[in-house]
Amino acid sequence: MAFDIQNIRDDFPILGQKVNGKPLVYLDNAATTQKPVSVIEAEANVYRTINSNIHRGVHHLSNVCTEVFEDVRQKVKDFINAPSSDEVIFTRGTTESVNLLAASFGETFLNPGDEIILTEMEHHSNIVPWQLLAQRKGVTIKVVPVTDGGELDMQALGEMLNEKTRLISVAHISNVMGTINPVREIVALAHAAEIPVMIDGAQAIHHVPVDVQALDCDFYVFSGHKMYAPTGVGVFYGKRKWLEQMNPYQGGGEMIDKVSFSGTTFNDLPYKFEAGTPNYAGIIGLGAAIDYLKQNHLEEIWNYEHQLFEYALDKMKSVSGIRFVGEAAQHTSVISFLLGNSHPFDVGTLLDKLGFALRTGHHCAQPLMDRFGIPGTVRASFAFYNTKEEVDHLVEALIRVGTMLG
Amino acid sequence: MAFDIQNIRDDFPILGQKVNGKPLVYLDNAATTQKPVSVIEAEANVYRTINSNIHRGVHHLSNVCTEVFEDVRQKVKDFINAPSSDEVIFTRGTTESVNLLAASFGETFLNPGDEIILTEMEHHSNIVPWQLLAQRKGVTIKVVPVTDGGELDMQALGEMLNEKTRLISVAHISNVMGTINPVREIVALAHAAEIPVMIDGAQAIHHVPVDVQALDCDFYVFSGHKMYAPTGVGVFYGKRKWLEQMNPYQGGGEMIDKVSFSGTTFNDLPYKFEAGTPNYAGIIGLGAAIDYLKQNHLEEIWNYEHQLFEYALDKMKSVSGIRFVGEAAQHTSVISFLLGNSHPFDVGTLLDKLGFALRTGHHCAQPLMDRFGIPGTVRASFAFYNTKEEVDHLVEALIRVGTMLG
Amino acid sequence: MTIKEKQEEVIEEFSAFDDWMDKYSLLIELGNELDSFDEAYRQEQNLIDGCQSKVWLHAELKDGKIDFQGDSDAIIVKGIVALLLRVLSGHTPDEILENDLFFIDEIGLKEHLSPTRSNGLVAMVKQMKAYALAFKAKQG
Amino acid sequence: MTIKEKQEEVIEEFSAFDDWMDKYSLLIELGNELDSFDEAYRQEQNLIDGCQSKVWLHAELKDGKIDFQGDSDAIIVKGIVALLLRVLSGHTPDEILENDLFFIDEIGLKEHLSPTRSNGLVAMVKQMKAYALAFKAKQG
Ligand SMILES: Cc1ncc(COP(=O)(O)O)c(C=O)c1O
Ligand SMILES: Cc1ncc(COP(=O)(O)O)c(C=O)c1O
């Protein structure tokens, strides 16, 4: 079946916009993706037809809404091939998922002097929760360096592991450089030393196959809004053996079994980690996003994205003065660059006037900027609704902008 | 201007539904409210027209989306009359807001032996976060008893205050009984002893005027989904003097100023407490909900609800064998009751078959159920789109159900 | 009667009613008529706490057949318990394990046996099958 | 020229251009032509870190008038800085405090002075007004 880009684009109403009088070229997909009609309507239809607070209701709407909601847990389980939907916990986003792990795993298992390993290419959301925990708990953070090419220094990682290491937390894919990290190898290495691994899948879940059993990772987290689903939805996957031992995360409705002032007991998985009314309408939107991706054949989406990326990289190389930040062999459709000595803000601002939406700045990865000694980059990140024509126009625009900025 | 109930109902698409062949009578508003078209469309339109990750973008969509998002902060500030929009922090819901306070205020100010005061009528979301904190920190929880009539024992509260008390956290309105607590008096009492007060406004924000400056409360929290806005949105209001001193809550994007592995500094208010991509589409929906309420004249909505409540209470008294749980003088439109010795589940199930959506069970307030020695209640909770005719039908249905259950 | 025949009998009985309220009247009647639960068995280990309602279940093997006793604090749930006992009690572990329970769907009570319902009935059916498995294992 | 007249002059200059890219070419030119910032003033306390770009601002009172110097690491921001200096530098604190800055809106650069933009310009304008207030207070 051919991948029909025009059909695909028609599914995303926002793509027809004009910006500053120019057709919108949306290349800020690593920040957030656009939503197909089916996702927008799935969420709106919750409110139009079944809206009711979920769980423990005896009335019709509540039961229907609960079933549709719980179906999504099943869909997520299938999407990441988790052993059980009990291991799929809904959060507000990747950031909350990492904070959940830092709070629950941290409170349960970490003690002063323990070490956790992060990398120099992590997003702030996979750094700051650990720094806050480190302060509270007297834990030390070790940082795997990044090579000039934008890859993890695996040898350094190997040397960092020791008997004090309690956790490795690493991005599956860098949000700045698109580097695909060798997460399977990292898990194997860590497990040899009986150390659990969390993978930050925010940039991976929609671009590469994710099979948590094949990866054998202990935790895997991602955001809905970066995979064509609504905002305010995230997933925290954890192996049952950890989830059962971990302290609960937040307190509130849903996550309890019995509450009394003399003692409270907690609900079973996954509810133990889901306090309060969840964003069920948004989560039902996530279910629709998964359906949409499957209907459009994930393999084809990934192939298309990969071709588009290769095409873009090749074309962009021709822009005079362009410097790429991160040129890893394993790469998804995220390209960070600088144009001569121009400030990323200037490049981004001019591109905006030509209709292009790109992100500039440190991309919430300041340690990586420091590593390369740069204040920021311009980042073009592609999704499967982008086209080769858009790439061509981008290249023309870059040449024009480069000339203007001298 | 007359309050036109038919126009109002037309704004809520779900209300036209049939359930089990009967017209839906939705009386589960304390669990979650229905959404007007303007809210549903506001959220959908974000995705159709301006969706882009907010803050720090240089491109058009990102700027527009950021402005619309930040406008809502202003709307919430005005709605609760906060001194500054910097004191308005967006969360996932009431539950997360309480957990935020427990984590940040708790970590910053509480020490072993300190006491915090809750009440017997709190929702689990205003109990369990404090229990988890108490365990971590060696803090003691004191509990204000509830009278037979369903009011707070204010004398007991007064006697509980002492030099070890660090915080009072109390519901503005009980989600089970509709009791309006004398929060202004509680704040005055507490402030005389220099103790801060958090008010759980989940059941109040849309039913009574809330002016945080008039209340002089230190913290006020509520959920969007209970005030006609989307799921996955909550508000945490806090006085600047506390917010500035409190440790950050979660780590991640947005809440930082500078990140490096040698030391991280945090962003200004309100961002210091907002880690990660917020649920901006849902939050923009909250803005639309506030606009909708204002367009329909809050005073008229409250008056109508109050009349409806008085009408309902009066009519329901005529049902033989009915027992009300909580009969406070100050009351919103929430009525908990039991029918003879019938189990709430049976009453709720039969009512459902007649088209009525009511909630049964402990309503996430088990300590209150224990207080009254009951397993649960049946709860009818009204919103301004409910009608006297619906009340009449409910009363007929209750009589029928009462007879069936004997 | 086989489990299948008993189920068909129940379906037949309920087919007389079009109206939900009539079906529920019958359930309430069945609940009220259910043999009283032996108080000696009203113990923690026989309790299934469904949050909205409680279910008690006791099982014994007599002459190779399982004798179930059950109860609930909610009368509608108790009516469904009565139906489940009528259909499954007095059968061998093998029979219980081999037969699907199709009557619940057919008489329109499926929603009460959905895993998202917190009335204890899903857990009760699972528990009945678990007893059958356990007794079967014991018999060898 | 008064602040008002200067603003009108800027608007006049920009009105020649319909196309965004031409406007930005002019801004870039203005940025490139801006008097170089005295390196002695490139200090922490003169830095406004707008996250996307940095702005430096120095102010001195000379003969009752404020002499501003400014810079930015982004050339477009620097162009806007140049315009702000041209309009406000060399005026008395009172003049600076009394005059609204309407030219930014008129020439279509409003978005760069939105509080949600993180380029440092909003903070810079605030800072210029704050200097005017401070010098006014000092003069008594
Ligand atoms: C690798 C990575 N981790 C974490 C995050 C944070 O995700 P969110 O803002 O949705 O919580 C992002 C998103 O920018 C990301 O790219
Ligand atoms: C008084 C009260 N507090 C807290 C909550 C929890 O709200 P949420 O589930 O939206 O976090 C509720 C909602 O049921 C409530 O009624």
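So you know, we letter chains A, B, ... as the sequences are listed, proteins then strands, and number each from 1. Since we're looking at a predicted model, the values are computed, not measured.
Heavy atoms closer than 4.5 Å to chain A are found nowhere in L133(B), neither backbone nor side chain. Of the two parts of I54(B), only the backbone, made up of N, CA, C and O, holds a non-hydrogen atom closer than 4.5 Å to a non-hydrogen atom of chain A. Looking at P230(B), both its backbone and its side chain come within 4.5 Å of chain A, counting heavy atoms on both sides. Heavy atoms closer than 4.5 Å to chain A are found in the backbone of T33(B), but not in its side chain. Both the backbone and the side chain of H60(B) come within less than 4.5 Å of a heavy atom of chain A. Only the backbone of H55(B) comes within less than 4.5 Å of a heavy atom in chain A; its side chain stays farther off. Only the backbone of I50(B) has a heavy atom closer than 4.5 Å to any heavy atom of chain A. For K258(B), the parts lying near chain A are the backbone and the side chain together; criterion is any non-hydrogen pair under 4.5 Å. If you measure heavy-atom distances from P278(A) to chain B, the contacts under 4.5 Å come from the backbone alone. The parts of E96(B) that come within reach of chain A are both its backbone and its side chain, each placing non-hydrogen atoms under 4.5 angstrom from that chain.
When atom types are taken as modelled, the side chain of Q131(B) and the backbone of S260(A) share a donor-acceptor pair closer than 3.5 angstrom. Looking at Q366(B), its side chain does come within 3.5 Å of a backbone N or O of V259(A) through a donor-acceptor pair.
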Carefully, step by step, assess T277(A) and T95(B) under the rule side chain to side chain contact (heavy atoms under 4.5 Å, CB included).
CA-CA 8 Å; T277(A) 304; T95(B) 302; over 6 Å; no
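Contact check for R92(A) versus N279(B): no side-chain heavy atoms found under the 4.5 Å cut-off. Contact of the Q135(B) side chain with the N247(A) side chain is not registered, since no non-hydrogen atoms from C-beta on lie closer than 4.5 Å. Put simply, the side chain of L118(A) reaches to within 4.5 Å of the side chain of F261(B), judged on heavy atoms. Here the side chains of R359(A) and S62(B) are in contact, with some heavy-atom distance below 4.5 Å. With contacts defined as side-chain heavy-atom distances shorter than 4.5 Å, the pair L132(A)/P248(B) qualifies.
Shown are T360(A), V378(A), L351(A); of these, the side chain to side chain contact (heavy atoms under 4.5 Å, CB included) with V58(B) is made only by T360(A).
Residue with the most contacts toward chain B among R136(A), H225(A), M369(A): H225(A) (heavy-atom pairs, distance under 4.5 Å). Ranking G282(A), G16(A), A31(A) against chain B, the residue ahead of the rest is A31(A), based on heavy-atom pairs under 4.5 Å. Per-residue heavy-atom pair counts under 4.5 Å with chain A were compared for P129(B), G276(B), G234(B), and the maximum is reached by P129(B). Ranked by heavy-atom pairs shorter than 4.5 Å toward chain B, the options W130(A), Y26(A), F356(A) are led by Y26(A). Ranking A365(B), G224(B), G232(B) against chain A, the residue ahead of the rest is G232(B), based on heavy-atom pairs under 4.5 Å. Most heavy-atom pairs under 4.5 Å with chain A: of the set V19(B), V39(B), V143(B), this distinction falls to V143(B). Options I127(B), I141(B), V233(B), D370(B) differ in how many heavy-atom pairs under 4.5 Å they form with chain A, and the most are formed by I127(B). Chain A forms the most heavy-atom pairs under 4.5 Å with one residue out of G348(B), A44(B), A103(B), A275(B), and that residue is A275(B). The candidate from Q250(A), E41(A), E254(A) with the greatest count of non-hydrogen atom pairs under 4.5 Å with chain B is Q250(A). The candidate with the highest count of non-hydrogen atom pairs below 4.5 Å against chain B, out of G252(A), S52(A), A281(A), is G252(A).
Note: Y280(A) OH to T231(B) OG1 = 6.0 Å, rounded to the nearest 0.5 Å. Between the CG atom in N29(A) and the CG atom in N53(B) there is a gap of 11.5 Å [rounded to 0.5 Å]. The structure places CG of L61(A) at 11.5 Å from OG1 of T32(B), a figure rounded to the nearest 0.5 Å.
The shortest heavy-atom contact between M255(B) and V128(A) is SD-CG1, 4.0 Å. Contact detail for G253(B) and C364(A): the closest heavy-atom pair is CA-SG, 4.0 Å. A pairwise comparison of heavy atoms in I14(B) and N51(A) identifies CD1-N, 3.4 Å as the closest pair. Contact detail for H59(B) and D28(A): the closest heavy-atom pair is NE2-OD2, 2.9 Å.
A donor and an acceptor atom, one from each side chain of R48(A) and Q34(B), are nowhere located under 3.5 Å apart.
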